[in-house]
Amino acid sequence: MTNLPLPSPSPSRSFFTKLLHCTHHKNLKHAQTLHSQIIQTGSSSCPFIANPLVNLYAKCHRLTEAKLAFEEIKYKDAVSWNCLINAHSQLGGPQNSVSVMHLFRRMVKEANENDVYPNGHTFTGVFTAVPDLGKNPLGAGKQGHSLALAFGCGCDVYVGSSLVSMYCKLGLVCDARKVFDRMPERNSVTWVAMISGYAAQRLGGEAVRVFKLMVGVGEEGLNEFVLTSVLSAFAMPEFIASGKQIHCLGIKSGLLSVVAVGNAVVTMYGKCGSLDDAAKTFELLSGKNTISWSALITGFAQSGDSEKALEMFSKMNHSMVKPSEFTLVGVLNACSDIGATREGKQVHGSLVKLGFESQIYIRTAMVDMYAKCGCVADARKGFDFLQEPDIVLWTSMIGGYVQNGENEDALVLYGKMQIRGIFPNELTMASVLKACSSLAALEQGKQIHACVVKYGFSLEIPIGSALSSMYAKCGSLNDGNLVFRGMPTRDVISWNAMMSGLSQNGYGNEALELFEEMLSEGTKPDYVTFVNVLSACSHMGLVERGWIFFNMMSNEFHIVPRVEHYACMVDLLSRAGKLTEAKEFIESTPTEHGLCLWQILLSGCRNYRNYDLGAYAGEKLMELGSKESSAYVLLSSIYTVMGRRGDVERVRRMMNLLGLNKEPGCSWIEMKSQIHAFVAGDQMHPQDKQIRAEVQRLSKLITDEGYKPVFDLLSADLES
DNA sequence: GTAGGGTTAG
């Protein structure tokens with residue numbers, strides 16, 4: 001009984017067990033030892049040993065070795081092929097996906113010869129690889145789909161699930177749903193694929209229906225994957241109630257303790273704008289990982305609480321959890337939002353240290369951050385760093401120039417992009433159109449309009465708004481209106497753009513009519529709308545209506561007046577000569593707006609030659625430490641007129657002390673796509689002589705018509 | 001007794 005000899009395992013059996021064990025532990029060192037032993041014993045051509053070896057290399061991400069081991073197999077069976085195919089599809093990426101398709105074609109081609117045919121395992125690998133194909137993924141997917149049916153794999157749950165997932169990733173949820181509905185058998189993976197497919201397309205309603213279907217069918221598959229995918233479908237404000245229910249379900253089922261589920265809850269609340277709930281859930285998470293922190297930080301940044309986002313980031317740094325590129329994108333966006341240049345630069349430093357520098361999302365966020373913080377040159381450095389910027393990055397850089405008023409550079413960069421043959425998106429077009437508006441570059445604007453048509457963009461928001469605004473701001477109000485009326489839908493920005501075009505070109509009444517039309521169509525005005533309305537009133541001298549609108553803004557629409565609104569009111573009152581009323585109005589507003597508002601009143605006083613009030617406004621500006629040279633010049637002129645020599649001296653001394661100089665006036669005009677700029681006093685233009693002669697001719701003409709220029713003492717002083 | 005599908009942060 002005691003000394004029964006144990007049967008010694010056959011060498012192939014022993015290799016087999018060792019290979020499985022080694023695969024489980026992903027032990028590459030041991031794999032190489034085993035491989036050499038297998039070669040020595042001459043079993044490397046036997047599928048029963050070589051297949052697990054191919055798989056072992058695959059799980060260690062060693063595709064070259066896997067391929068070598070595969071090619072050594074003399075009579076490859078289906079498993080040999082599938083191991084290598086899935087090795088590539090699991091690693092993913094365009095390159096590996098192409099390899100999957102090559103291997104698959106070879107397998108099919110040699111099938112009859114070897115009597116080895118693709119099966120369910122093969123098609124799962126193929127369908128997983130399809131979405132990553134750079135060239136015609138849909139064609140490959142459909143072809144694969146029909147082959148799978150031809151090879152009798154249509155009923156396999158794995159094949160079905162991977163098909164659902166494939167169609168979803170290609171954006172064809174309807175095709176995915178067709179496959180889903182026809183599947184004879186489904187499991188939790190199938191449900192998850194379908195639900196997350198809807199979630200990715202932001203079709204929360206469909207996702208709920210599928211989830212309810214699953215619960216109704218009595219599927220037992222409720223697991224952490226299902227919960228996370230459902231939660232991601234509810235990450236929109238309109239689904240917050242459903243999201244809360246799933247949160248409860250997570251608590252009841254105990255699945256909330258899975259960190260991925262907790263993270264999905266945090267994300268869901270963040271995207272719904274319930275940052276309190278997001279933060280509470282986050283606090284209770286056990287085993288917070290980098291995704292948890294990123295979810296919360298991004299949530300704060302996206303809901304506009306960027307200070308809080310930065311605060312959480314600094315807490316994260318103390319918690320010893322390493323930030324990922326996702327975290328840093330969120331933090332950079334927070335920095336852009338509040339113009340936190342110093343923090344942004346710190347993040348730049350740490351992302352270099354962490355090796356995220358060349359990540360495209362990181363680059364885009366960095367370019368955006370530097371541009372929004374006003375450091376366009378740094379933004380450009382970040383842009384130039386990548387040889388192949390994608391369209392989002394091109395667009396951020398172009399948008400960065402526009403935001404900083406460097407519109408010529410924006411157009412130049414857009415030209416470079418066109419030469420590189422890069423297809424713009426709607427935001428690119430909107431940015432370059434905005435650049436044209438600011439430059440009043442009608443000709444270039446028209447060319448871009450032609451591109452909009454050529455590229456097949458519609459007049460949807462934001463292109464429609466940008467285009468109508470471009471025409472309006474360039475003075476082509478009819479074309480602006482034509483585009484505006486042709487837009488399929490209009491949001492408050494579209495209305496604002498058209499109104500501002502009208503009002504800037506002296507069509508104040510039409511702007512106000514448009515405002516009435518906007519209200520009657522049920523679009524809620526925002527603060528910009530009221531800036532437009534008030535400035536229209538100011539241009540038209542409509543004091544009474546100005547007051548009505550100013551009061552309507554806070555009383556009816558609960559919009560807190562900003563400095564722009566106060567400025568419009570002061571401008572309106574000053575232009576109308578109601579200078580004392582303007583002064584009293586300024587004194588009733590929050591003091592931090594003084595610098596802007598007193599300056600407006602000062603100009604008003606100049607026009608009406610109210611020297612006492614002008615001096616009062618000027619003194620206020622000096623007290624507040626104004627850096628506007630024109631304020632000091634005007635004030636000293638006023639004192640000159642009033643004969644107060646001592647005060648003139650005092651103002652001039654202050655001006656010198658602050659190092660302020662009179663800024664020369666300048667203007668420009670675009671002719672035949674070229675911009676001609678003029679600065680007061682310069683004689684740089686090649687046709688300077690002719691231009692001056694023409695100005696003299698025109699001056700004489702209008703003087704003869706009876707025009708008398710006003711040369712009061714103030715403007716005389718200004719000219720000196 | 002070898003091989004396959006799904007979730008969370010931009």
Q: So what does A/Phe16 touch, heavy atoms closer than 4.0 Å: a base, only the sugar-phosphate, or nothing?
A: sugar-phosphate
Q: Will you find, in the side chains of A/Asn317 and A/Ser314, an N or O donor that is under 3.5 Å from an N or O acceptor?
A: no
Q: Could you tell me the boundaries of the chain A footprint on DNA chain B, defined by atoms under 4.0 Å from its heavy atoms?
A: B/dG1 to B/dG10
Q: Within the 4.0 Å heavy-atom criterion, would you say A/Gln90 contacts the bases, only the backbone, or no part of the nucleic acid?
A: sugar-phosphate
Q: Quick one: do A/His35 and A/Tyr57 satisfy ring-ring contact (aromatic ring centres under 6.0 Å, His included)? Show the steps, please.
A: CA-CA 10 Å; A/His35 191 177; A/Tyr57 277 127; 5.5 Å; yes
Q: Measuring from A/Lys59:NZ to A/Lys26:NZ, what's the distance to the nearest 0.5 Å?
A: 8.0 Å
Q: Verify the distance criterion only: is there a donor paired with an acceptor across the side chains of A/Ser232 and A/Ser229 at less than 3.5 Å?
A: no
Q: Checking all strands, does A/Tyr361 fall into the base, sugar-phosphate, or nothing category for heavy-atom contacts under 4.0 angstrom?
A: base
Q: Counting any heavy atom closer than 4.0 Å, what does A/Ser324 reach on the DNA or RNA strands: base, sugar-phosphate only, or nothing?
A: base
Q: A/Trp81 and A/Phe70: aromatic ring centres closer than 6.0 Å?
A: yes
Q: List the residues meeting salt bridge (charged side-chain N to carboxylate O under 4.0 Å, His left out) with A/Asp77, not counting sequence neighbours, and say none if there are none.
A: none
Q: Going by number, which of residues 49-64 of chain A have a non-hydrogen atom under 4.0 Å from DNA chain B?
A: A/Asn51, A/Pro52, A/Asn55, A/Lys59
Q: Just checking, is any N or O donor in the side chain of A/Ser162 or A/Thr124 under 3.5 Å from an acceptor N or O on the other one?
A: no
Q: Base, sugar-phosphate or nothing for A/Gly120? Non-hydrogen atoms, less than 4.0 Å.
A: base
Q: What does A/Val261 touch in the nucleic acid at a heavy-atom separation under 4.0 angstrom: a base, only the sugar-phosphate, or nothing?
A: nothing
Q: Hydrogens and angles aside, do A/Asn263 and A/Asn289 bring a side-chain donor and acceptor to less than 3.5 Å of each other?
A: yes
Q: Please work out if A/Asn119 contacts a base, only the sugar-phosphate, or nothing of the nucleic acid, heavy-atom cut-off 4.0 Å.
A: base
